[in-house]
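Counting convention: from 1, in listed order, for ligands and their atoms alike.
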Amino acid sequence: MLHESAEARALVAYSAVIGGDPLVIQGPGGNTSLKQDGVIWIKASGTRLADADKHDIFLPVTLAPLRAAIAADDPACETSAGFVPQDLNPLGLRPSIETTMHAVMPQKVVVHVHCVDTIAWAVQRDAEVRLATLLAGLDWVFVPYARPGLSLTRDILARLQPSTSVLVLGNHGLVVAADTVAAAEALLNEVRRRLRRPARSVPEADTERLSQLARASGYRPAADPAVHSLATDPVSLAIAQGRSLYPDHVIFLGPGVVVLGRDTALANAPPAVPLLLLPAIGALLHHTASASAAALARCLADVTARLEADEVLHRLGEADERALLDWDAEKYRQALALRGQS
Ligand SMILES: [Zn+2]
């Protein structure tokens with residue numbers, strides 16, 4: 001149980017608030033932490049910040065041995081599971097994949113989000129240059145894409161200054177750090193305000209045609225109306241069709257997206273892809289698609305609606321996608337996220 005301090009209660013409450021906002025957190029993405037009494041309390045892998053006020057989603061990780069292991073480049077901190085006192089982990093959960101990233105930040109409170117406005121900046125090829133103007137005056141660094149986990153933590157360590165309190169993670173998201181939850185919240189709000197990008201207004205789905213086509217197909221129209229712009233807005237569709245833009249897309253929807261050709265019958269679509277786009281009509285989700293897949297479909301719609309056709313994007317490479325899909329720690333998170341739905 002996370003200590004019943006005022007800061008712990010504030011972290012739980014704030015985690016639930018940001019976890020409930022799809023423009024900030026999607027599915028089991030993102031994580032928050034609090035360092036107190038030699039321990040870092042961090043979200044367990046595969047759990048959802050949105051559930052922070054309903055379940056005990058935080059695990060304690062002993063900080064000094066974890067930091068020593070990071071400094072020694074010990075592969076044991078890839079999952080950090082060995083640093084959780086087992087008597088405080090009755091469910092046998094693992095700490096977040098991103099625990100080491102939180103551990104190397106000196107501040108007491110670390111908040112990591114997949115804010116869609118930040119992602120829309122973080123996928124720009126010239127992100128660092130453009131962000132320098134927007135974030136001027138803040139103590140921030142840009143960290144080019146690296147696989148989340150120890151690889152990313154090493155790259156962060158190479159750039160981190162003792163006073164750094166904002167990290168923009170290329171093709172990934174945002175980290176803010178402060179010594180209180182209130183200060184972290186204020187900093188996150190400030191960064192979000194500066195990075196806000198207007199969402200394009202997008203055509204609606206042809207719901208009648210979509211339902212008709214989906215009948216007896218194993219697919220259903222995406223329940224969240226915001227998802228359909230991936231198929232109905234030509235700019236969003238063109239951007240979505242390239243290689244993947246950030247890790248959780250690959251983890252929960254697979255690499256890229258599948259678009260049904262205008263003259264292709266749904267029966268000839270690739271079998272059981274989680275998300276299927278029908279240009280100018282709308283988006284379908286397979287009946288086996290998880291709630292996390294639906295959340296990441298919405299995320300892609302929100303990100304692409306904030307990108308312009310002429311922007312030059314940096315995308316994940318095939319090797320990046322493969323590294324995410326072959327990764328044990330991610331398979332664990334995905335399995336837990338699925339179990340959490342049942
Ligand atoms: Zn992340």
(message) Quick one about Q36 and S5 (side-chain donor to acceptor, distance below 3.5 Å, no hydrogens or angles considered), yes or no?
(response)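 Yes, a side-chain donor-acceptor pair sits under 3.5 Å.
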(request) Assess whether side-chain contact (heavy atoms from CB on, under 4.5 Å) is satisfied between L266 and L276, documenting all intermediate values. (result) CA-CA 10 Å; L266 197 53; L276 187 59; 3.3 Å; yes
(message) Can you tell me if R159 has over 12 outside heavy atoms packed within less than 6.0 Å of its CZ?
(response) yes
(message) Given the ring of W121, does R130 sit roughly above its face, with NZ or CZ under 6.0 Å from the centre of the six-membered ring and within 45° of the axis?
(response) no
(message) Tell me whether E321 is salt-bridged to R243, with the criterion being a basic N under 4.0 Å from an acidic carboxylate O.
(response) yes
(request) For the Zn ion (ligand 1), report each protein N, O or S atom nearer than 2.8 Å, sorted by chain and then by residue number. (result) E98 OE2, H112 NE2, H114 NE2, H172 NE2
(request) Check R193, R194, R197, R306 against D117 for a side chain to side chain donor-acceptor pair (under 3.5 Å) and give me the one that passes. (result)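 One option only clears the test, and that one is R306.
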